[in-house]
Every structure is written in structure tokens, then in C-alpha cells.
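What follows is a set of notes on a single structure, which appears directly below.
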Amino acid sequence: MHDETSLWRESGLRLSGFGHYYPRLLVENETADDPAGNAVDEAVIGRLDVRSRHVADEEETPAYMGVRAARAALEQAGVGADEVDLLVFSNWTDRQFVPEWGPHAAHLLGADRALAFDVCGACTGFVHGVQTAAALFGAHATWRHALVVSSERFSRRVRPGSKGELIVGDAAGAAVLSRGAEPDAGLWDSLLISDGSGRETVTVYPPNGWIKSSRELVSIAADSHADLAQRMLARSGTKMDEIDWVVPHPGTGQLHTAVRERLSIPEERFITNYETVANTGSASVPIVLSEMSRDGRLKTGDLCYTPTVGSGWYYGGLLFRV
């Protein structure tokens with residue numbers, strides 16, 4: 001990356017509403033029994049610190065879940081489905097050839113005039129979606145509102161009976177990106193970095209499509225988090241202690257500890273819902289922002305940083321003021 005200034009601080013774009021959806025089935029993990037797993041499990045997962053996770057049924061497709069999260073986000077933003085100009089849909093767990101999920105979700109939502117398409121980027125998908133939407137606003141002066149929807153069925157991408165099955169879950173999260181931010185508010189910056197040399201860090205290959213992680217995942221991810229923070233804080237002239245909330249994509253408990261220690265982030269400002277809903281892929285950041293906006297933790301004026309890492313290898317984040 002050669003651009004060392006914040007991308008969107010003068011754009012007038014803001015995240016105006018958040019929504020989330022959890023599948024009907026809630027599975028409780030037996031906290032008294034912490035399966036040892038294999039050597040990779042010990043290196044990547046460590047202690048089992050997920051108490052519960054949601055598992056989607058056949059009806060709860062990515063589009064079904066995504067539409068429900070999107071409706072909640074639109075309601076909070078005070079925006080009608082017919083006012084949506086763009087819908088960007090992130091998903092990696094149910095990737096298919098054609099058709100993509102985005103147009104189907106837009107149709108079910110009633111956002112039929114919106115341009116809709118899918119992005120991936122694995123667990124960085126929400127960052128990818130927001131950055132893509134923000135960039136397209138620059139090319140369409142009449143657009144007012146975009147929806148970024150992240151919907152994942154991670155439970156389908158783990159080997160049944162493995163320790164990994166106990167730390168992933170299904171969910172959808174959504175955010176509305178709108179014009180009209182007050183000065184110094186709204187979206188400040190986004191950064192998405194790809195590094196193909198790390199493509200084997202996390203893989204999902206045929207025939208079973210089950211996720212496989214390298215033993216070095218935690219150290220590679222921690223290095224990526226450190227590089228991302230250094231770049232984004234420098235670009236915006238921000239210090240870590242000025243950020244009110246760090247809302248990361250939750251990989252594993254091992255990774256959370258490594259990132260907090262590496263970046264000296266107080267635990268009370270490092271927010272995930274990993275213990276109660278597990279790792280939900282690209283949906284993980286917007287579902288937390290949605291929960292925080294509804295329970296009163298996320299307040300006007302708060303500065304939020306959302307770092308993520310994902311298979312590819314990708315890493316990236318958003319910086320925005322509510």
C-alpha cells in the first residue's frame with residue numbers, strides 16, 4: 001500500500017444502522033468437557049472457551065438470514081428497502097458458481113432497484129464489503145444508501161466431531177452505509193491487504209470442504225493485526241488509547257489473547273461475542289456492532305476500529321466514528 005492517508009474521512013459516509021440475525025437452534029457446549037483435540041487444535045484453539053453457538057437449518061440459507069439482518073439495519077437507519085442503491089453480500093461458507101446470493105437477497109428484501117453482488121475475502125468479508133461500497137459511492141453521485149450484508153453458515157465448513165466444530169457458528173450481520181456524516185464523524189478509513197504467500201494458512205479444499213488451519217495461524221494472524229494497526233493508526237493520526245472500541249473478527253481465544261497483548265488493548269475495550277455465538281466468519285464484526293448499538297454501549301461520538309484476518313491471506317479493518 002502506497003496511500004498513507006485515511007481514505008474516507010472527507011467522504012461524508014457514515015454507518016447509519018446495524019442489524020443481526022441468529023439461527024433458531026442454539027447448541028450449548030459442555031463446558032465441563034474440554035476435548036484435547038490434535039496438535040493443531042492445541043496451537044490454534046487452545047482451551048475451549050465457547051459456551052454456545054447457533055446452527056442454521058435448511059430454511060436458514062445465507063439469503064434468508066441476511067435479509068433478516070438487513071431489515072433490522074434498515075429499520076435502525078430509518079431507510080426503506082426501496083431506497084437502497086447498492087447491496088454488497090459477503091459469504092465464504094456457501095460459495096457457489098451461479099447465481100450469487102446478493103441479487104437473491106436484494107429481491108427478497110424488496111430492494112429491487114439496487115445493484116447487488118457478492119464479495120468474499122473469507123472472514124475479512126465485511127471490511128471488503130464496506131470498502132467496496134464506499135468506493136462505488138465515489139462513482140455514483142446520486143446514490144444515498146448502501147447495504148453491506150455478511151451471512152455465514154460456518155457450521156458446514158468443519159469436520160463433524162472435531163474440536164473445531166465447537167468453536168464456529170452461523171449468523172448474519174448487516175450495516176447501512178449512507179451519505180450525510182457530520183464533520184469528523186462517519187467512516188474515516190478502510191484498509192484491506194492481501195498476501196498470497198500466506199495462502200496455506202487457512203484452507204478449505206474439496207472433496208469435503210472442511211476448514212484446515214496451519215499450526216502457525218495464531219502467530220501469523222497476530223503479526224497481521226500488528227501491521228494493520230500500525231498502518232491504520234499512522235494513516236489517521238490516531239493512537240490506540242484514543243479508540244473507544246476494538247471490535248475484531250474473533251478467530252479463537254488464543255488469537256484474542258495474542259492480539260490484546262501484542263497491541264496493549266485493555267480487555268474492556270476489546271469486544272467480541274465469541275463465547276456465546278462462536279466464530280461466525282465475516283458476520284462476526286457486524287453482529288457485535290448491532291448488539292452494541294441496541295444495548296446502549298455504542299454511543300454517538302465513539303471511535304471504533306474493526307480489525308479482521310482471513311484466508312487468502314487477507315487482513316484489513318475499518319475505522320469510523322459513530
Side-chain angles (χ1 to χ4, degrees), residues 3 5-20 62-63 66-91 98-121 124-151 172-192 235-236 282-283 285-286 289-290 293 298 300-301 303-304 306 316-322:
D3 177 13
T5 60
S6 296
L7 283 177
W8 314 114
R9 201 156 181 175
E10 307 301 325
S11 69
L13 298 175
R14 64 191 180 98
L15 292 165
S16 58
F18 300 101
H20 65 276
V67 164
R68 279 148 183 81
R71 285 174 180 159
L74 288 171
E75 182 179 4
Q76 189 176 80
V79 174
D82 59 351
E83 298 178 84
V84 176
D85 300 292
L86 172 69
L87 190 151
V88 183
F89 195 103
S90 79
N91 172 275
V98 290
E100 294 188 350
W101 293 109
H104 181 45
H107 174 65
L108 293 176
L109 188 64
D112 291 309
R113 74 178 186 85
L115 169 64
F117 57 86
D118 289 16
V119 296
C120 188
T124 66
F126 179 68
V127 171
H128 190 3
V130 172
Q131 178 163 285
T132 300
L136 284 172
F137 267 111
H140 297 272
T142 61
W143 284 6
R144 303 297 302 172
H145 305 288
L147 258 174
V148 179
V149 180
S150 300
S151 185
V176 180
L177 186 67
S178 302
R179 294 193 193 271
E182 295 296 324
D184 203 41
L187 185 61
W188 282 14
D189 200 8
S190 66
L191 184 59
L192 186 63
R235 283 155 59 106
S236 63
S282 73
V285 168
L289 293 171
S290 178
S293 70
L298 195 61
T300 300
L303 187 60
C304 299
T306 67
L318 305 174
L319 184 65
F320 65 93
R321 192 178 293 282
V322 180

Inter-residue atom distance L177.CG - W8.CH2, 0.5 Å rounding: 9.5 Å
Hey, does the side chain of T306 reach the backbone of L318 with a donor-acceptor pair shorter than 3.5 angstrom? yes
For G125 and V119 the tightest heavy-atom approach is O-CG2, 4.1 Å
Would you sort out whether V88 and F117 count as a side chain to side chain contact (heavy atoms under 4.5 Å, CB included), showing the intermediate values? CA-CA 5 Å; V88 183; F117 57 86; 3.9 Å; yes
Rounded to the nearest 0.5 angstrom, the CG-CG distance for L303 and D184 is 9.0 Å
Nearest 0.5 Å, please: how far is CG in L7 from CG in L187? 8.5 Å
For S236 versus W188, what's the shortest heavy-atom pair and its separation? CB-CE3, 4.4 Å
Reported CG-to-NE2 distance for the pair L289 and H20, which is rounded to 0.5 angstrom: 11.5 Å
Taking the side chain as every heavy atom from C-beta outward, state whether C304 and L298 have any pair of such atoms under 4.5 Å apart. yes
Please give me the minimum heavy-atom distance between R179 and R14, naming the atom from each residue. O-NE, 4.0 Å
Verify, without hydrogens or angle tests, whether S151 (side chain) and A172 (backbone) share a donor-acceptor contact under 3.5 angstrom. no
Taking every heavy atom of G121 against every heavy atom of T124, the minimum-distance pair comes out as O-OG1, 2.6 Å
Donor-acceptor contact present, side-chain D85 to main-chain A114, <3.5 Å: no
With sequence neighbours left out, which residue pairs that include part of residues 131-146 fulfil the salt bridge (Lys or Arg N to Asp or Glu O under 4.0 Å) condition? none
Please table the atom pairs, donor to acceptor, closer than 3.5 Å between any side-chain atom in residues 66-81 and protein atoms at least two apart or in another chain.
residue, atom, partner, partner atom, Å
R68, NH1, Y64, O, 3.0
Q76, OE1, F18, N, 2.9
Q76, NE2, S293, OG, 3.2

Distance from L13 atom CG to F320 atom CZ, nearest 0.5 Å? 13.0 Å
Value rounded to 0.5 Å, distance of NE2 in H145 from CG in D82: 10.0 Å
Report all side-chain donor-acceptor pairs from residues 98-109 shorter than 3.5 Å, counting only partners two or more places apart or in another chain.
residue, atom, partner, partner atom, Å
E100, OE1, D118, N, 2.8
W101, NE1, D94, O, 3.1
H107, ND1, D112, OD1, 3.1

